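These notes concern the structure reproduced below.
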There are 2 protein chains.
Amino acid sequence: MTVRRPTINDVARHAGVSPSTASVVFSGKTAVSDTTRQRVLDAAGSLGYTGPDPRAASLRRGRSGIVGVVFEEHLGAAFLDPVKTLMMDGLTDGVASLGAGLLLLRDQAPLGTEPTLTTAPLDAAVLVGCSGMLRESLDAVQARGIPVVVIEGDAGDGIPQIQLDNREAQRQAASHLRTLGHTQVALVTLPARAGWVRGRLAADERITIDVTRERLAGAREVFPEAPAYAAQGSSIDEGLAAGRALLTDPATRPTAVLAQSDLLAAGVIRAAEELGLRVPQQLSVTGFDGIVVDGLAPYELTTLVQPAAEKGRAAGQAIAAMLAGQTAASIRFTCVFRVGNTTGPRS
Amino acid sequence: MTVRRPTINDVARHAGVSPSTASVVFSGKTAVSDTTRQRVLDAAGSLGYTGPDPRAASLRRGRSGIVGVVFEEHLGAAFLDPVKTLMMDGLTDGVASLGAGLLLLRDQAPLGTEPTLTTAPLDAAVLVGCSGMLRESLDAVQARGIPVVVIEGDAGDGIPQIQLDNREAQRQAASHLRTLGHTQVALVTLPARAGWVRGRLAADERITIDVTRERLAGAREVFPEAPAYAAQGSSIDEGLAAGRALLTDPATRPTAVLAQSDLLAAGVIRAAEELGLRVPQQLSVTGFDGIVVDGLAPYELTTLVQPAAEKGRAAGQAIAAMLAGQTAASIRFTCVFRVGNTTGPRS
DNA sequence: TTGTACGCGTTATCAA
DNA sequence: TTGATAACGCGTACAA
């Protein structure tokens with residue numbers, strides 16, 4: 001049989017002090033005489049008491065020290081994206097400084113079980129992504145009256161959001177290319193919608209993924225007529241496919257490609273290599289994100305460095321503010337344009 | 001001021017039923033007449049009650065629905081490794097069927113108040129990795145009497161472990177190369193120890209990371225004298241560095257390289273390309289893991305496919321069993337050898 | 001510096 | 001099918 005685990009009461013009795021004194025020994029909220037402390041710790045040791053039960057403590061405190069992170073996709077998919085990984089890193093920091101930990105939650109509740117989002121003891125929640133499924137999660141959390149922050153998603157008013165100047169930033173890269181003399185420019189974008197299959201992007205295509213739409217708009221401010229190819233995700237392989245599609249025919253070959261992510265850009269560069277095109281002499285390529293692309297050396301992408309980790313950290317701070325009863329404002333981060341060795345004057 | 005959130009007591013009073021009846025309406029544990037249920041739900045609606053407080057429920061139930069995952073590294077680093085990511089995916093699945101979420105925990109207890117293995121409201125814990133720090137974590141969890149599962153680590157008896165036939169599997173790849181006629185073989189391994197700096201591996205080097213040691217032993221069964229180069233981590237760039245070190249000098253150049261991970265193998269291939277060596281005509285390369293390496297096409301690695309997601313799922317199931325009071329057994333998974341186009345007969 | 005008393009919000013048990 | 005009761009284990013005013 002399971003022996004009942006000792007409680008702080010048992011410890012106190014064993015040590016000959018009151019429960020509150022014992023409690024204080026563990027929490028450190030009040031000064032306790034050394035002799036008393038020692039007695040309590042000894043008692044705890046001999047009883048095998050390992051500290052306050054977190055469940056009871058969180059009920060009493062009204063705080064669990066847990067922040068939920070909701071992803072709309074499989075975790076594997078989420079972490080394939082280096083930007084999200086960095087963001088998680090920052091988020092970990094951000095909530096740690098708040099004394100909380102991260103609970104990974106998946107949006108799509110498996111059938112048969114209750115959605116953990118509504119049953120987990122959360123102090124706050126962070127939603128990552130931008131699709132419609134997020135909507136339900138948002139409602140669920142809001143119904144519980146828990147502070148929510150949305151990263152890169154379109155939540156309604158009143159919800160702090162962490163955003164990026166996608167359009168502005170992309171416009172900057174486009175201007176850079178124009179300054180270099182490029183006029184034949186092609187775009188490689190992220191997926192237009194969930195479930196998108198890679199292919200040319202029609203001018204009137206409905207684009208439901210915010211990031212894609214915004215960055216595209218930025219590029220189009222400078223190159224309104226540039227042909228666009230939307231990848232199926234953000235990866236080198238996708239960029240390679242896009243690059244082949246855009247670069248193979250010499251007749252329609254652009255002199256520069258604006259990719260919406262560094263991974264896509266890396267793939268485009270590979271495609272160029274395949275075709276014997278030299279970068280940046282014969283083809284300029286820009287990326288977006290400013291991550292370190294594994295295996296891309298010696299190229300150094302001309303790209304827009306986004307403060308990925310900062311985004312996560314900011315989300316943590318927003319949560320801290322909300323938990324403190326203040327209202328947190330949305331934050332809009334700015335990318336920094338970095339010139340590498342993948343862009344050059346039109347030849 | 002914050003209006004006190006309504007409790008199930010308020011709802012019950014409002015609906016004119018007892019708290020326990022109201023509770024049952026939400027939990028569904030017992031049959032309730034339709035009229036009563038409706039009355040309760042109506043009351044909840046008009047009061048803005050959105051369901052039981054998870055904190056109180058978890059105190060009462062003795063379950064929090066939270067499983068801790070402990071990594072020995074920086075959390076960000078954990079997700080840089082595609083194998084771990086896949087494993088997490090499986091783990092998410094595994095615990096989801098249990099209605100639980102994953103709480104990210106780091107091994108090194110930081111100063112702050114962030115939740116730790118000893119202070120978080122965990123139902124169970126999964127330890128990932130293999131270093132010595134794990135030892136402490138293990139003690140901490142065991143002291144709390146919480147079910148533990150260890151993935152790829154060496155825990156003592158009585159603790160369910162999820163393992164891989166690393167040695168056997170690697171021996172298989174080595175045999176494959178020998179069968180193809182290779183005798184000049186070099187090894188590229190994972191780090192020998194935490195904090196390892198890339199470089200040649202001396203014959204008597206102390207290797208504390210289990211995975212590295214086991215796979216190395218498997219390779220050495222077939223090629224006892226093969227020179228080994230230990231990378232600093234598992235990435236393409238590390239493989240590239242290792243590849244350069246091993247392949248540059250034609251005098252000592254091997255005809256085949258056994259890498260301990262797919263990413264390392266991909267890097268070795270890049271190094272070969274750099275040096276103008278054709279794979280597999282002039283150099284055979286094998287990997288380990290069986291992941292999809294982005295950007296490696298058209299190469300298809302000869303590698304050992306490990307059931308990464310399965311490992312996570314198995315851990316989840318083991319936890320479910322232990323929470324149900326049963327004892328879970330350790331599981332040893334087997335890799336599947338897959339021949340790709342990166343190995344060929346010795347030229 | 002220590003002790004008393006109570007409530008945090010829920011749910012399992014059992015009797016009606 | 002419903003209700004009364006009693007924990008679950010802790011933290012914290014407040015008093016001593």
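This structure is a prediction, so every number in the text was calculated from the model and none was measured.
What you find for Y49(B) and P6(B) is that their closest heavy atoms are CD1-O, 3.3 Å. Pairing each heavy atom of P54(A) with each of R144(B), the nearest pair is CG-NH2, 3.5 Å.
Bracketed by its first and final contacts, the part of DNA chain C lying under 4.0 Å from non-hydrogen atoms of chain B reaches from dG9(C) to dA12(C) in 5' to 3' order.
Exactly one of L47(A), T50(A), D10(A), D53(A) qualifies for a side chain to side chain contact (heavy atoms under 4.5 Å, CB included) with R5(A). That residue is T50(A). With L103(B) as the partner, the side chain to side chain contact (heavy atoms under 4.5 Å, CB included) test is satisfied by one option alone out of V69(B), L122(B), D123(B), V70(B): L122(B). Each of V150(A), L105(A), I159(A), I151(A) was scored for a side chain to side chain contact (heavy atoms under 4.5 Å, CB included) with L127(A), with one residue passing: V150(A).
Here the C1' atom of nucleotide dT1(D) and the CG atom of D34(B) are 12 Å apart, to the nearest Å. Counting to the nearest Å, the P atom of dC8(D) and the CG atom of N9(A) are 10 Å from each other.
Listed by residue number, the members of residues 38-61 of chain A with any heavy atom below 4.0 angstrom from DNA chain C are L59(A), R60(A). Taken residue by residue, residues 19-31 of chain A places heavy atoms nearer than 4.0 Å to DNA chain D at S20(A), S23(A).
Between the side chains of D42(A) and Q38(A), at least one donor-acceptor pair of N or O atoms lies under 3.5 Å.
In this structure, L104(A) and T92(B) have side chains that are not in contact, with every pair of non-hydrogen atoms separated by 4.5 Å or more. The side-chain heavy atoms of K311(B) and Q306(B), taken from C-beta on, include a pair separated by under 4.5 Å.
Atom CG in D210(A) sits 9.0 Å away from atom CD in E152(A) (nearest 0.5 Å).
With S58(B) contributing its side chain and S64(B) its backbone, the two residues share no donor-acceptor pair below 3.5 Å.
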